[in-house]
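In the text below, chain A, chain B and the rest are named by the order of the sequence lines, each starting its count at 1.
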There are 2 protein chains.
Amino acid sequence: MTIKFESYLQSHANFNESDLKRISSLAEPRVLHRNDFLLMEGEICRHKTFIVKGMLRVFGTRTDGSEHILLFSPEHTWTLDAESYDKQIPSRCNIAAVEESEVLMWTKSDFDKLLAEIPLLKSLSEQLISRAIHNSRQRLLSALSATPEEKYNDFIRDSPALMKRLPLRMIAAYLGISLKTLTRIRHAQLHR
Amino acid sequence: MTIKFESYLQSHANFNESDLKRISSLAEPRVLHRNDFLLMEGEICRHKTFIVKGMLRVFGTRTDGSEHILLFSPEHTWTLDAESYDKQIPSRCNIAAVEESEVLMWTKSDFDKLLAEIPLLKSLSEQLISRAIHNSRQRLLSALSATPEEKYNDFIRDSPALMKRLPLRMIAAYLGISLKTLTRIRHAQLHR
DNA sequence: GAAAAATATGGTCAAATGACTACGTTTTTT
DNA sequence: AAAAAACGTAGTCATTTGACCATATTTTTC
């Protein structure tokens, strides 16, 4: 499983062979079935996780049981609850598999070691953080200002591949609209 | 103006006198009047800015002219458009003063120098980034899942001080609801 | 392969929301 | 101090949205 991960790393920066092996050696592989949880609300996020294959979702739940999805993490992305991981405090969100997935996990202490040892990893990590910030800002702006139809169109435009792999109810939970509204939009677009 | 800034820095980490002076020496002070822009959509965000006094808002505008506020930056916080600043590309949001404000600004190249020179500043900066991520995640979750009244109550609970300084229309623009809905909620809460 | 679960759609109805407008009050500007 | 701008509230009305429910279809599970 680490081979795919190593080629991902290679494609992002010029890691040498020993760095690659060193990073991989501390990873713990895991297979997740549909709806298996990587992290449950209230638990402490002890690992940084790379998705080798499949897709996870990060979501919050409300008292009535409804899900609200913060982001999807498909293959070749990283995932964690940053707040819980950084401070090692209980998480307020969940991470679960959307589909059969393979992941690699590093404990915080191991990953911190790697960051200190390997400057290239540190800088990659900073890039990813900066992308995550930007991503969540864009999403906030969209949540605040876009109409349901705009959100849906933006999602199709930006993530056509995910679109095909996700059930509509998750897309609705991601866009912050009801499933009913989503099917209405789709219906309207068919007849235009 | 730099004295307040230096005591802010002191309160967050044990900077020595020469570091403080070094950091301050590269800052450019600026006074902003109400509605003065620090950054306009399309411009490149060339500075990292610390708010000494007053309050700024970071917001996007839509084609119809409506404003949607991503966050408020009161005194003793930092502000910038991270994407535009990091990559030095045109910004997609605006930053303007809510009230009379005093700020300190560093160019990216100067600040990068400081980060490299002063490890303590680097680690403070990482802390702030992590807080910003967490903040924007919480906000996204709230935007996706909370009702207008919940959003309003959360805002009063979390930011009672800002509440008093902001006109309602900005609070509405921040919560992603119409001014009408906001006054309705306030009206309902009065009669309960 | 059969049973069970999840999915996508749509009808109906009540409630929530926003656009427009108006008006009296407060704040800011000059 | 006077004029102008911004502010907070509220009435009305059309539209959007969600809750609840039913159903046909597809996918998953065992």
Self-check item: A:R34, nearest nucleotide to its side chain (from D:dT9, C:dA6, D:dC7)
Solution: C:dA6
Quiz prompt | Distance in angstrom units between A:L182 CG and D:dA19 P, rounded | solution = 14 Å
Quiz item: Would you say the side chain of B:K180 and the base of D:dG8 hold a donor-acceptor pair, judged only by whether the two atoms sit under 3.5 Å apart?
Solution: no
Quiz prompt | Nearest-angstrom distance from the residue atom CZ of A:R186 to P of C:dA8 | solution = 8 Å
Practice problem: Among the candidates C:dA8, C:dT7, C:dT17, find the nucleotide nearest to the side-chain atoms of B:P148. | Solution: C:dT17
Practice problem: Measure centre to centre between the rings of A:F50 and A:Y8, then say whether the value is under 6.0 Å. | Solution: yes
Self-check item: Any N/O donor-acceptor pair, B:R184 side-chain to C:dG18 base, under 3.5 Å
Solution: yes
Quiz item: Just checking B:L179: base, sugar-phosphate only, or nothing, at a heavy-atom cut-off of under 4.0 Å?
Solution: base
Quiz prompt | Ring centre gap for A:W78 and A:Y85 strictly below 6.0 Å | solution = no
Self-check item: Lys/Arg N to Asp/Glu carboxylate O, B:R137 vs A:E83, below 4.0 Å
Solution: no
Exercise. Measure from the side chain of B:T181, starting at C-beta and using heavy atoms only, and say which of C:dG11, C:dT17, C:dT7 lies closest.
Key: C:dT17
Quiz item: Within this structure, what is the CZ-to-P distance between B:R165 and C:dT27, rounded to whole angstrom?
Solution: 16 Å
Quiz item: Just checking, is any N or O donor in the side chain of A:N153 or A:Q189 under 3.5 Å from an acceptor N or O on the other one?
Solution: yes
Practice problem: Figure out the CD/C1' separation between A:E99 and D:dT29, and round it to whole Å. | Solution: 18 Å
Quiz prompt | Distance, rounded to the nearest Å, where A:H187 contributes NE2 and C:dT7 contributes C1' | solution = 18 Å
Quiz item: CG of B:L166 versus P of C:dT26: gap in Å, rounded?
Solution: 20 Å
Quiz item: Would B:D154 and B:R157 pass as an ion pair if we require N to O under 4.0 Å?
Solution: yes
Quiz prompt | Contact under 4.0 Å: A:T183 side-chain N or O vs C:dT9 OP1/OP2 | solution = no
Quiz prompt | Distance, rounded to the nearest Å, where B:K151 contributes NZ and C:dT17 contributes P | solution = 9 Å
Exercise. Write down the distance between CD (A:E100) and C1' (D:dT29), rounded to a whole number of angstrom.
Key: 13 Å
